[in-house]
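Computation of the quantities below employed the complete heavy-atom set of this structure, encompassing side-chain atoms and omitting hydrogens, waters and symmetry-equivalent molecules. Numbers restart at 1 for each chain; the letters A, B, ... are given by sequence-line order, proteins then strands. Values in this document were obtained by computation on a predicted structure and should not be read as measured data.
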Amino acid sequence: MRGELPKWVDYGLLPLVNLVVAFLIAGVVVLLIGENPMTAAYLLARGAFGSGYGLGYTLFYATTFIFTGLAVAVAFHAGLFNIGGEGQAYIGGLGVGLACLSFDTLLPWWLTFPIAIGAAALFGAAWAFIPAILQAKRGSHTVITTIMFNFIAAAVMVYLLAGPLQKSATLGPRTRDFAEGAHLPKLDWLFSPVGIELGSSPLNISFLLALLMGVLVWVLIWRMRFGYEIRTQGTNPTAARYAGISETKIILAAMTLSGALAGMMALNPVMGDQSRLQLEFTEGAGFVGIAVALMGRSHPVGIVPAAILFGALYQGGAELAFDMPNITRDMIVLIQGLVILFAGALEHMFRPAMVRFFAPVAPRVRAAATGDTG
Amino acid sequence: MDTILQLLDLSVRSAVPLLLAALAGLYSERSGVFDIGLEGKMLAAAFFAAAAAAVTGSAWLGLLAGIGASVVLALVHGFASITNRGNQIVSGVAINFIAAGLTALLGNSWFSQGGRTPQLFAGQRFNPIDLPLADTLASVPLVGQFYSQVVSGHNLIAYVAFLMVPFTWWVLFRTRFGLRLRAVGENPAAVDTAGISVTWARYRAVIVCGVLCGFAGAYLSIGLQAGYVKDMTAGRGFIALAALIFAKWRPVAVMWACLLFGFLGAIEIRYQGVALPMVGVLPVQLVQALPYILTVVLLAGFIGRAIPPRAGGIPYVKER
């Protein structure tokens with residue numbers, strides 16, 4: 001089932017084929033609605049990349065998705081499925097909010113930022129730690145517990161924002177606006193020299209933090225002994241046990257790391273854009289992370305472009321909804337679902353054909369009976 | 001007394017979609033196919049049921065359309081997780097998103113009411129049924145009142161839901177189909193050795209799951225309400241999943257779990273912002289989160305042990 005493929009096929013062509021199929025189906029839906037798919041695709045691309053402002057928004061959304069994509073990927077490597085990114089990001093936002101509300105009038109942004117990063121990571125990690133310890137010690141499956149924790153997180157946040165943290169009843173469930181000391185700087189200094197004007201788009205310094213996290217995740221997973229242990233546990237738990245790798249340790253570490261990355265996602269919208277903590281700032285980014293990680297094959301080098309692609313879909317989709325009112329932003333949700341289906345659940349569908357096609361150039365062909373359960 | 005009866009009546013109404021969806025999940029998961037796509041299938045069913053009922057003017061055609069949409073998604077899940085041996089959780093997540101996106105898009109473009117379907121009239125939906133003697137017995141204290149206010153006055157789908165409980169028990173534990181269904185969920189290799197197709201057994205379970213999710217969705221949009229509103233399932237598929245685990249994958253226990261979670265839902269609706277004696281104002285969010293918290297506590301093994309079907313989530317690979 002899982003013959004070897006050249007790396008560029010496995011990491012490049014196969015995700016591309018999956019993506020193309022997902023887009024073809026989305027195109028059929030556009031036809032059903034009675035619009036021209038080609039025009040829609042053009043408008044979408046123009047909205048996402050056609051202006052500095054559009055590009056700024058695309059990268060702003062991409063920032064969020066890099067964090068959540070990395071979060072899902074780290075858990076994947078340990079053989080765990082963290083569907084709780086949404087809840088961890090939400091609670092991470094609580095950490096960011098509390099840090100900002102405490103220090104925004106006292107410190108400049110470059111001191112508030114590291115505190116907020118720490119708080120975001122800590123809160124997100126804590127929210128992932130409970131399902132992790134329940135899995136490690138009591139055997140309750142993280143898939144179910146993290147789903148439940150998403151809903152519990154939503155309830156907690158509504159309770160806090162409509163209660164203790166609410167500034168005034170008239171403004172609704174949200175905190176006060178942060179002062180200057182908790183505003184993240186925009187990235188105009190980086191893009192203006194190359195002639196791109198970002199305009200009023202909220203692209204901010206957390207984009208660079210997201211890229212840095214991508215590098216750190218790569219170092220951890222592929223260049224460190226501990227990452228090797230995580231991957232061993234993920235691909236072959238039995239071998240890991242024989243090698244003396246502690247399953248408990250790996251589950252706890254991978255899940256808290258995953259939660260910390262998901263929590264850091266909150267920095268981007270809360271500190272970088274809205275400058276206050278409000279309801280549902282995550283906008284489903286935790287779930288987009290699943291699609292991003294699957295498309296990016298759980299590797300930072302794949303996750304960053306996949307995140308930019310979804311960023312483009314979000315920004316371009318908003319512009320498209322403006323030009324073609326029939327195609328609402330729900331189109332993105334559909335495409336997201338199709339990408340998860342084809343790049344994730346149906347990943348084996350095109351694989352055998354690819355293996356057959358590339359068999360002559362494959363690096364090495366494994367015997368059929370290596371006990372690979374696929 | 002009246003307040004309690006009203007609360008119980010509301011609990012039953014909230015429990016019906018949970019019960020249908022949880023029983024749907026029961027068939028699928030007992031056969032070894034995990035399904036976190038209950039929510040998506042319910043949502044698609046709710047939309048297509050309301051859309052078809054609005055266009056054709058028939059509640060029955062609506063129900064049929066709802067079931068059809070749900071079964072199609074169930075087959076996608078089956079194709080991904082049985083035929084292609086994909087990750088069942090990933091497939092379930094995908095189905096939830098596809099349903100959410102597709103219903104909103106089509107609803108918006110077909111009816112131009114921001115994702116709603118047109119308001120349905122009495123003939124286009126399943127109306128409450130008064131059981132025989134409901135009026136006569138209404139004056140009998142306790143039993144009669146309970147009968148006329150809580151048991152009577154629900155629509156057809158609600159009664160189907162409760163009849164499905166003993167029926168499901170019978171199918172699972174007293175028929176050959178049920179035995180095989182449970183067997184492929186526990187030890188597919190043994191079933192395969194006996195010359196029975198694991199694939200076909202699992203597909204049948206997944207299709208039954210689709211049919212029941214279809215009922216659940218239709219109950220919402222053409223039973224309880226008179227039309228579809230965007231995102232109308234509002235997480236009920238996940239509460240149903242929680243109920244299924246809470247009931248440890250057993251049909252009768254599923255009913256009690258759904259009634260409990262339905263009761264919590266009823267309290268949430270009735271007592272939002274109302275100060276109760278001794279408790280004070282109830283934090284609605286706590287009541288909302290309670291089904292999830294209870295399930296996590298159960299999963300942690302603090303109240304009994306929830307052991308899923310042994311082959312659940314594992315694609316079956318025939319030895320060659």
Side-chain angles (χ1 to χ4, degrees), chain A residues 1 26 29-30 32-35 81 83 130-131 134 137-141 143-145 147-152 154-160 162-163 284 287 290-291 294 325-349 368-369 373-374, chain B residues 34 36 40 76-77 79-81 83-110 112 114-115 230 235 238-239 241-242 245 283-289 291-293 295-296 298-302 306 308 313-315 317 320:
Chain A
M1 191 78 195
V29 174
V30 172
L32 269 176
I33 289 172
E35 299 279 2
F81 195 1
I83 313 189
I130 310 168
L134 289 179
K137 297 284 184 196
R138 319 277 316 187
S140 33
H141 209 294
V143 167
I144 304 295
T145 42
I147 294 177
M148 303 293 139
F149 266 66
N150 282 341
F151 287 100
I152 300 172
V156 167
M157 292 301 280
V158 174
Y159 173 74
L160 288 176
F287 299 115
I290 300 171
L294 286 170
N326 252 339
I327 306 178
T328 52
R329 282 187 81 178
D330 304 298
M331 191 75 209
I332 311 163
V333 179
L334 175 67
I335 294 178
Q336 190 182 321
L338 291 169
V339 167
I340 295 176
L341 184 70
F342 285 101
L346 287 173
E347 63 168 342
H348 301 315
M349 190 162 66
T373 49
Chain B
F34 279 159
I36 63 168
V76 170
H77 186 54
F79 179 68
S81 47
T83 307
N84 278 288
R85 294 170 204 153
N87 186 320
Q88 299 170 5
I89 307 295
V90 174
S91 167
V93 172
I95 280 165
N96 287 338
F97 284 118
I98 290 172
L102 201 60
T103 51
L105 268 176
L106 292 181
N108 198 51
S109 107
W110 286 350
S112 320
K230 199 181 160 187
F238 293 106
I239 299 194
L241 191 66
I245 298 163
V284 192
Q285 291 83 21
L286 179 67
V287 180
Q288 278 172 345
Y292 306 114
I293 296 173
T295 307
V296 170
L298 175 86
L299 277 170
F302 295 121
I314 309 162
V317 185
R320 297 204 189 275

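- You'll find the side chain of A:Q336 stays beyond 4.5 Å of the side chain of B:I98, heavy atoms only.
- Most heavy-atom pairs under 4.5 Å with chain B, from the set A:V339, A:V158, A:I332: that is A:V158.
- The side-chain heavy atoms of B:Y292 and A:N150, taken from C-beta on, include no pair separated by under 4.5 Å.
- With chain B as partner, the option from A:V156, A:I290, A:L294, A:I144 having the largest number of non-hydrogen pairs under 4.5 angstrom is A:I144.
- Using a 4.5 Å cut-off between heavy atoms, A:F342 does not touch chain B at all.
- The candidate from B:H77, B:Q88, B:K230, B:Q288 with the greatest count of non-hydrogen atom pairs under 4.5 Å with chain A is B:K230.
- If you tally non-hydrogen atom pairs under 4.5 Å between each of B:G235, B:S81, B:A104, B:A100 and chain A, the highest count goes to B:A104.
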Take B:N84 and A:E347 through the side-chain contact (heavy atoms from CB on, under 4.5 Å) test and state the conclusion after the steps. CA-CA 8 Å; B:N84 278 288; A:E347 63 168 342; over 6 Å; no
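- Neither the backbone nor the side chain of A:P131 has a heavy atom closer than 4.5 Å to any heavy atom of chain B.
- Closest of all the heavy-atom pairs between A:M148 and B:A242 is CE-CB, 3.8 Å.
- Per-residue heavy-atom pair counts under 4.5 Å with chain B were compared for A:A345, A:G34, A:G163, and the maximum is reached by A:A345.
- Heavy atoms closer than 4.5 Å to chain B are found in the side chain of A:F81, but not in its backbone.
- With values rounded to the nearest 0.5 angstrom, B:S91 atom OG is found 10.5 Å from A:I340 atom CD1.
- A heavy-atom distance below 4.5 Å is found between the side chains of A:I83 and B:V93.
- Within the 4.5 Å cutoff, no side-chain heavy atoms of A:L334 are placed close to those of B:F97.
- Counting heavy atoms from C-beta outward, B:N96 and A:F287 have side chains that stay 4.5 Å or more apart.
- To the nearest 0.5 angstrom, A:M349 atom CE is 5.0 Å from B:F79 atom CZ.
- The choice from B:G86, B:G40, B:S109 that makes the most heavy-atom pairs within less than 4.5 Å of chain A is B:S109.
- With a 4.5 Å cut-off on non-hydrogen atoms, A:L134 touches chain B through its side chain but not through its backbone.
- By the 4.5 Å heavy-atom criterion applied to side chains, B:V296 and A:F149 are counted as neighbours.
- Residues B:L105 and A:M331 meet the side-chain proximity criterion, which asks for heavy atoms closer than 4.5 Å.
- Neither the backbone nor the side chain of B:I95 comes within contact range of chain A, judged by heavy atoms closer than 4.5 Å.
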Show the numbers, then the answer: is there a side-chain contact (heavy atoms from CB on, under 4.5 Å) between A:I147 and B:I36? CA-CA 9 Å; A:I147 294 177; B:I36 63 168; 4.1 Å; yes
